[in-house]
Number of protein chains: 2
Amino acid sequence: MPFRRKLDDSATVREPLPGTAHALNVAPETAAALKLWVVLSRAQAAVSAHVSADVARHGLTLTEFGILEALYHRGAMLLGEVQRRILVSSGGITFLVDRLVAKGLVERQACPSDRRARYAALTADGEALLEQIFPAHAAMIERVVGALDQSEQEQVTAMLKRLGHGAAAAEPAPIELTNA
Amino acid sequence: MPFRRKLDDSATVREPLPGTAHALNVAPETAAALKLWVVLSRAQAAVSAHVSADVARHGLTLTEFGILEALYHRGAMLLGEVQRRILVSSGGITFLVDRLVAKGLVERQACPSDRRARYAALTADGEALLEQIFPAHAAMIERVVGALDQSEQEQVTAMLKRLGHGAAAAEPAPIELTNA
DNA sequence: ACAGTATATCTTAGCACTGAGAATACTTGA
DNA sequence: TCAAGTATTCTCAGTGCTAAGATATACTGT
């Protein structure tokens with residue numbers, strides 16, 4: 001069910017009920033910023049939809065997959081490290097790891113030097129699963145972002161990295177995910 | 001409570017428990033695509049955190065604000081139009097508009113030519129609110145994306161637009177939000 | 001006219017995640 | 001040595017949204 005959105009609303013003419021539209025009249029630099037925000041969100045959502053659908057076929061959430069991927073590529077990590085890397089709340093990481101443990105893909109391991117801390121690590125099943133699905137996953141992402149060629153992708157990546165760091169460092173209300 | 005994250009984990013040395021890290025060895029074009037996806041998500045999240053926090057100060061969700069903004073700048077719209085513009089499910093738009101109606105910011109209006117359809121329109125209160133908060137909101141976004149100068153912003157916007165359209169059009173599992 | 005199909009919204013159940021607080025363990029300075 | 005402060009994880013209630021189905025209305029071909 002590919003669902004191609006129909007953009008022709010030429011079907012029925014429904015008087016648009018004017019309802020006072022306020023033309024966006026702001027300085028051009030403000031307009032550029034606002035447009036960037038909108039386009040950034042839409043692009044992320046569009047790619048995200050594909051990635052979500054892909055991992056959902058294996059019964060996984062995007063966030064769950066993010067954890068598995070992190071553990072696969074970096075090995076066992078403390079829950080707090082995973083949390084910061086995946087950008088979820090402290091409650092969220094507990095919940096997510098619980099779920100992955102229930103699925104038999106991840107296990108908790110005690111930290112020998114700090115008894116408060118716990119490691120999350122892939123089980124053999126988890127490793128096997130990632131080994132199996134990662135290549136197709138990567139290929140799919142490559143295809144979905146294929147509207148840009150590799151050098152364009154690298155350009156955008158570099159700029160978005162600056163943008164992201166700038167935003168994260170910008171004055172009030174940076175990413176507030178932990179609660180301690 | 002600005003919460004500056006401490007990135008020095010030099011405090012305690014906790015043996016990293018190797019745990020079989022799998023080096024990401026893929027073709028460079030695949031690596032570029034994967035990195036783009038990660039950076040795109042992080043940048044979006046970083047900006048989103050600011051925008052969310054900003055609208056939350058007025059008791060609004062990001063999505064709610066999106067609806068108000070759309071109605072402010074384009075005038076009354078059919079629920080379905082708002083839905084496609086804001087990218088929420090059909091159930092979601094009903095719920096969101098209900099909430100905005102309860103807050104007195106939006107009202108439903110019958111469509112004279114199609115009795116199934118309803119318009120969403122700002123109330124006088126809704127208009128007043130947006131008139132009051134929009135300028136500061138726009139200024140805040142301008143500041144948050146300020147790591148890029150205007151011409152860089154325009155470049156990124158153009159590329160992200162292509163990326164987003166490409167992704168939305170890419171073969172299986174495009175954005176699937178309605179349920180008909 | 002009328003059946004069949006498509007469209008627009010609403011209803012209901014449920015899920016993924018957040019936020020605040022709590023329990024425990026580590027660290028540091030007096 | 002111990003009190004105060006910090007770090008790490010967990011608990012639990014609440015929130016914002018999605019998905020699937022229901023209902024009502026409109027369109028289309030015969």
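Proteins get letters first, then strands, A, B, ... in listed order; numbering begins at 1 in each. Quantities reported herein were computed from a predicted structural model and do not represent experimental measurements.
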With the side chain defined as heavy atoms from C-beta on, B:Leu79 is closest, among D:dA19, C:dC10, D:dG16, to C:dC10

May I ask you to decide whether B:Arg162 forms a salt bridge with A:Glu152, counting only side-chain N to carboxylate O separations under 4.0 Å? yes

Atom CD of A:Glu64 and atom P of C:dC17 are separated, to the nearest Å, by 7 Å

To the nearest angstrom, the CG-P distance between B:Asp98 and D:dG16 comes to 14 Å

Rounded to whole Å, CG of A:Leu78 lies from C1' of C:dA25 at a distance of 14 Å

*asked:* Heavy atoms only, 4.0 Å cut-off, all strands: where does A:Gly92 land among base, sugar-phosphate and nothing?
replied: base

To the nearest angstrom, the CG-C1' distance between A:Leu62 and C:dC15 comes to 15 Å

key: Side-chain N or O of A:Arg108 closer than 4.0 Å to phosphate OP1/OP2 of D:dC10   = yes

Side-chain atoms of A:Thr63 come closest, of C:dA25, C:dC17, D:dT9, to C:dC17

For the pair A:Phe134 and A:His73, name the ring-plane relationship: parallel under 30°, tilted 30 to 60°, perpendicular over 60°.
perpendicular

With the side chain defined as heavy atoms from C-beta on, A:Phe95 is closest, among D:dT9, C:dT11, C:dA16, to C:dA16

| message | Ignoring hydrogens and geometry beyond distance, is the side chain of B:Arg116 in donor-acceptor contact with the base of C:dT7 at under 3.5 Å? | response | yes

query: Does a side-chain N or O from A:Arg115 land closer than 4.0 Å to OP1 or OP2 of D:dT8, or not?
result: no

Between B:Ile86 and B:Ile67 the two heavy atoms that sit nearest each other are CD1-N, 3.8 Å

In whole angstroms, the gap separating P of D:dT18 from CD of B:Gln83 amounts to 9 Å

*asked:* Check this for me, if you would: do A:Arg74 and A:Glu81 make a salt bridge, where the nitrogen-to-carboxylate-oxygen distance has to be below 4.0 angstrom?
replied: no

Residue-phosphate contact under 4.0 Å: A:Arg99 side-chain N/O, C:dC17 OP1/OP2:
yes

To the nearest angstrom, the CG-P distance between A:Asp114 and D:dT9 comes to 8 Å

Picking from C:dT9, C:dA16, D:dT11, the nucleotide nearest the side-chain atoms of A:Thr94 would be D:dT11

Practice prompt. Please evaluate the base of C:dC10 for a donor-acceptor partner in the side chain of B:Ser90 within a cut-off of under 3.5 Å?
Written response: yes

Original post:
Counting only side-chain N and O atoms of B:Arg118, is one of them less than 4.0 Å from OP1 or OP2 of C:dC10?
Top reply: yes

note: A:Leu60, atom CG; C:dC15, atom C1'; distance rounded to Å ~ 15 Å

Sorted by chain and number, sequence neighbours left out, side chain to side chain contact (heavy atoms under 4.5 Å, CB included) with A:Arg115 holds for none

Separation of C:dA16 atom P from A:Phe65 atom CZ, nearest Å, is 17 Å

DNA chain C nearest-nucleotide lookup for A:Thr61 and B:Ile93: closer to the 5′ end is B:Ile93

